[in-house]
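Take a look at the structure set out below.
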Amino acid sequence: MNLAHLTINTSKKLELADSERIEHLLKPRWIGYGHSQKILGKLEDLLVFPKQSRMPNLLIVGETNNGKTVLVNRFRDKHPPLDNPNGDAIILPVLYIQAPPGPDERGIYNAILNRLFEPYGKSEATDSKRDRVVSVLRQLDLGMIIIDEIQHLLAGPYTKQRTCLNALKYLGNELCVPLVGIGTAEAIRAVQADPQLANRFNPEILPKWKLDQEYLRLLASFEKVIPLKQPSNLINRELAELILNMSGGTIGEISTLLNMASIFAIKNKIEKITKQTLEESGYIGPHLRKQAAARV
Ligand SMILES: Nc1ncnc2c1ncn2[C@@H]1O[C@H](COP(=O)(O)OP(=O)(O)OP(=O)(O)O)[C@@H](O)[C@H]1O
Ligand SMILES: [Mg+2]
């Protein structure tokens, strides 16, 4: 069998039973692509930026399901917490939190304290929580704070939104660390409404995929890690276009569609992704899901 269409690691998976191959297919995987490498590079630069009171920040913006969280998790995994044998506390290069569901300053502090396994009382006053967060984080030699789903803070009453953004600004200034916000396009609008924030947050966009060389490279990378016995030649124009149209062009949907078509191909002994396996895989794209929802 010619297995040039697979990585060596993936070709080994062909020895597995079909059910195990499907299980492997559904595991999280990382595929590097141009935009992801560029943003990872910017995050690396921020992490070593000399500490000063006015640190640069970054806002990573993209549609839902387009790889923002996977990207920052990749970065976080590269910079795990370190034991610090000579000090009291660990060293924490990257603190990652999800914004609370609404614009709630206490919720931000709770998210940080939870992440650090620091106990806190429900009734503790906001000021005291803020001070504790700063003093705990100071001991950890923190390098960066990443706030995912930052658009949650930017819903609801305007004054509460500002309070939350000011709280983040305060943490960044006090700790001299860069802030990295992750969110959808609403986040960019809200940050730009505040001039002081707008000139500190550089937006980096993760755009949707379109039919270009970079997209074809992505498809080729997917093909290499999907354990099918036959080459699918996903970069063939007809297939590439079909995948883009069915998925709507986010990496999450592309990945789900390819997985479903591959499972169909394994179960039906077709062993490659074709127009038929894509169309008969049972995959329902985001626009069809929206239409279905509108009917109920
Ligand atoms: N680099 C990658 N390589 C392979 N698959 C990826 C990659 N990035 C994202 N994916 C796929 O896309 C899915 C969605 O990615 P992710 O959760 O990062 O989206 P998101 O932009 O954070 O969406 P949301 O705004 O809804 O939180 C992942 O579950 C994964 O299947
Ligand atoms: Mg996400």
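When a ligand or atom number is given, it counts from 1 through the structure's own listing order. Along the sequence shown, the residues carry numbers beginning at 1.
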- Is there at least one protein heavy-atom neighbour under 4.0 Å from atom 29 (O) of ligand 1? no
Tell me, which protein residue and heavy-atom name are nearest [atom], and how many Å apart are they?
{"atom": "atom 31 (O) of ligand 1", "value": "Ser255 OG, 3.7 Å"}
{"atom": "atom 25 (O) of ligand 1", "value": "Lys68 NZ, 2.7 Å"}
{"atom": "atom 4 (C) of ligand 1", "value": "Arg29 O, 3.2 Å"}
{"atom": "atom 17 (O) of ligand 1", "value": "Thr69 CB, 4.1 Å"}
{"atom": "atom 12 (O) of ligand 1", "value": "Gly252 CA, 3.0 Å"}
{"atom": "atom 23 (O) of ligand 1", "value": "Asn65 N, 2.7 Å"}
{"atom": "atom 27 (O) of ligand 1", "value": "Glu149 OE2, 3.4 Å"}
{"atom": "atom 10 (N) of ligand 1", "value": "Ile251 CG2, 3.8 Å"}

- Message: Let me check your reading of the structure: within less than 2.8 Å of the Mg ion (ligand 2), is there an N/O/S atom from Thr69?
- Response: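 True for Thr69.
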- How far apart are the closest heavy atoms of Pro100 and Gly107, and which atoms are they?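 In terms of heavy atoms, the two residues are closest at CG-C, 3.6 Å.
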Looking at [Y] and [X], is any side-chain nitrogen of the basic one under 4.0 Å from a carboxylate oxygen of the acidic one?
{"X": "Glu20", "Y": "Lys13", "result": "no"}
{"X": "Glu63", "Y": "Lys68", "result": "no"}
{"X": "Arg21", "Y": "Glu271", "result": "yes"}
{"X": "Glu105", "Y": "Lys160", "result": "no"}
{"X": "Asp77", "Y": "Arg74", "result": "no"}
{"X": "Lys210", "Y": "Asp212", "result": "yes"}

Any nitrogen or oxygen of [X], side chain or backbone, less than 3.5 Å from one on ligand 1?
{"X": "Asn66", "result": "yes"}
{"X": "Val70", "result": "yes"}
{"X": "Tyr33", "result": "no"}
{"X": "Phe222", "result": "no"}

Can a non-hydrogen atom of [X] be found less than 4.0 Å from any atom of ligand 1?
{"X": "Arg74", "answer": "no"}
{"X": "Glu63", "answer": "yes"}
{"X": "Ser36", "answer": "no"}

- Item | Side-chain (Asp148) to main-chain (Ala99) donor-acceptor, under 3.5 angstrom |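 No, because the side chain of Asp148 does not come within donor-acceptor range (under 3.5 Å) of the backbone of Ala99.
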- Message: Test your reading of the model: is there a side-chain donor-acceptor pair from Tyr215 to the backbone of Ala240, 3.5 Å cut-off?
- Response: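 Flag set: sc Tyr215 to bb Ala240 pair under 3.5 Å.
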- Query: Heavy-atom distance to atom 3 (N) of ligand 1: which of Ile31, Leu26, Leu258 wins?
  - Reply: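 The residue whose heavy atom sits nearest atom 3 (N) of ligand 1 is Ile31.
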- Message: Can you confirm whether more than 12 heavy atoms, excluding those of Glu238, are under 6.0 Å from its CD atom?
- Response: no
- Query: Can you tell me if Tyr109 and Glu124 form a side-chain donor-acceptor pair at under 3.5 Å?
  - Reply: no
